[in-house]
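Just the heavy atoms: all of them, side chains too, but no hydrogens, waters or symmetry mates, feed the values below. Keep in mind that this is a model prediction, so the values were computed, not measured. Chain identifiers are assigned alphabetically (A, B, ...) following the order of the sequence lines, protein sequences preceding nucleic acid strands; residue numbering begins at 1 within each chain.
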Amino acid sequence: MNLLGIYSRLLGTFGPQGWWPTKNRFSPPEWEVCVGAVLTQSTNWKNAEKALDNLEKERVLSPADVAGAKDGALEEAIRPSGFYRQKAERLRALAGFVMSFGGFGGFSEEVTRPQLLDVKGLGPETVDSILLYAIGRPVFVIDAYTRRVFTRTGFCADGDYEGWRRLFESGLPEDAGIYREFHALIVELAKKFCRKEPLCAGCPLMSGCESAHPRGSPAPASMRSSPDGEPPRQPGGGARPART
DNA sequence: CGCCAGGGCCATA
DNA sequence: TATGGCCATGGC
């Protein structure tokens with residue numbers, strides 16, 4: 001089963017996800033995606049959304065609003081998302097960076113991935129989420145869910161962030177719409193079935209999954225070698241390598 | 001209740 | 001290059 005096969009199987013199971021979940025309340029609306037990408041770093045989306053609600057209440061709706069927020073106001077608004085001092089700093093850095101392009105329009109047309117990666121507090125996943133979901137560039141987002149799902153199935157065993165990203169981008173049409181939908185479907189699969197403690201019963205990827213256990217009980221601890229629950233695996237064995 | 005979320009930075013070895 | 005500590009809150 002190739003990547004497109006997995007994609008269509010997930011799409012058939014879960015249907016279109018319609019990510020990113022924005023509510024058209026920021027200016028521009030795409031700015032909410034950028035803010036959300038920072039707020040959800042290692043944080044439940046529910047908590048990130050509380051912070052977004054607070055920003056709406058406080059009318060901190062644009063990059064300029066973030067840059068001009070009074071001392072401590074930003075921190076208080078985003079407190080529910082956790083790590084709030086760090087995240088306030090990261091949002092200020094991102095807002096200033098966007099404004100250095102003369103606003104979101106210039107930013108979205110001209111910014112490059114390496115430039116975004118140079119912004120302090122923005123790592124590869126946050127940057128790629130912004131590029132894909134806010135700007136519409138065809139960049140595949142790799143997150144912890146993606147690694148877990150595709151390691152467990154045996155599709156890919158290792159590799160750094162760029163290796164994983166190349167694997168997906170080289171195995172799919174260069175299409176931001178497909179990248180968005182696929183990543184969202186992977187998250188849905190990871191939440192419903194491929195959780196930390198896997199619930200394999202009914203999983204749409206069970207047939208062909210290397211670590212599937214048919215009767216639905218969680219795999220025995222002896223099958224899980226890493227803290228993230230991946231099965232033990234031989235170097236170079238079985239799965240497709242991340243790099244060519 | 002304790003665990004842990006849609007990461008990333010930094011200090012250390 | 002690769003671990004480990006750190007950041008912090010609220011859902012479950």
Bracket notation of DNA chain C in which parentheses pair within the strand, [ ] cross earlier pairs, and | pairs with another strand (Watson-Crick or G-U, under 3.5 Å): |||||||.||||
A/Asn47 and A/Lys50 side chains, donor-acceptor separation under 3.5 Å: no
Geometric class of the A/Phe155/A/Phe168 ring pair [parallel <30°, tilted 30-60°, perpendicular >60°]: tilted
Rounded distance (Å) that lies between atom C1' of B/dC4 and atom CZ of A/Arg148: 11 Å
Whole angstrom value for the distance that separates C1' of B/dG8 from CG of A/Asp118: 14 Å
Protein-nucleotide distance (A/Lys196, atom NZ; B/dG6, atom C1'), rounded to Å: 14 Å
Proximity of A/Phe182 and A/Tyr179 rings by center, below 6.0 Å: no
First of A/Gly121 and A/His183 reached from the 5' end of DNA chain B, by closest nucleotide: A/His183
Rounded distance (nearest 0.5 Å) linking atom CG of A/Asp128 with atom CD of A/Glu125: 8.5 Å
Protein-nucleotide distance (A/Tyr161, atom OH; C/dT1, atom C1'), rounded to Å: 20 Å
Protein-nucleotide distance (A/Gln41, atom CD; C/dC6, atom P), rounded to Å: 19 Å
B/S/- contact track for nucleotides 7-12 of chain C, protein heavy atom under 4.0 Å: BBBSS-
Rounded C1' spacing from B/dC1 to C/dG11 in Å: 13 Å
Donor-acceptor side-chain pairing of A/Ser108 and A/Glu30 below 3.5 angstrom: no
Nucleotide B/dG8, atom P - distance to CD of A/Glu89 in whole Å: 15 Å
Length of the CZ-C1' vector between A/Arg147 and B/dG6, whole Å: 12 Å
Nearest-Å distance for atom pair CZ/P, residues A/Phe182 and B/dG6: 19 Å
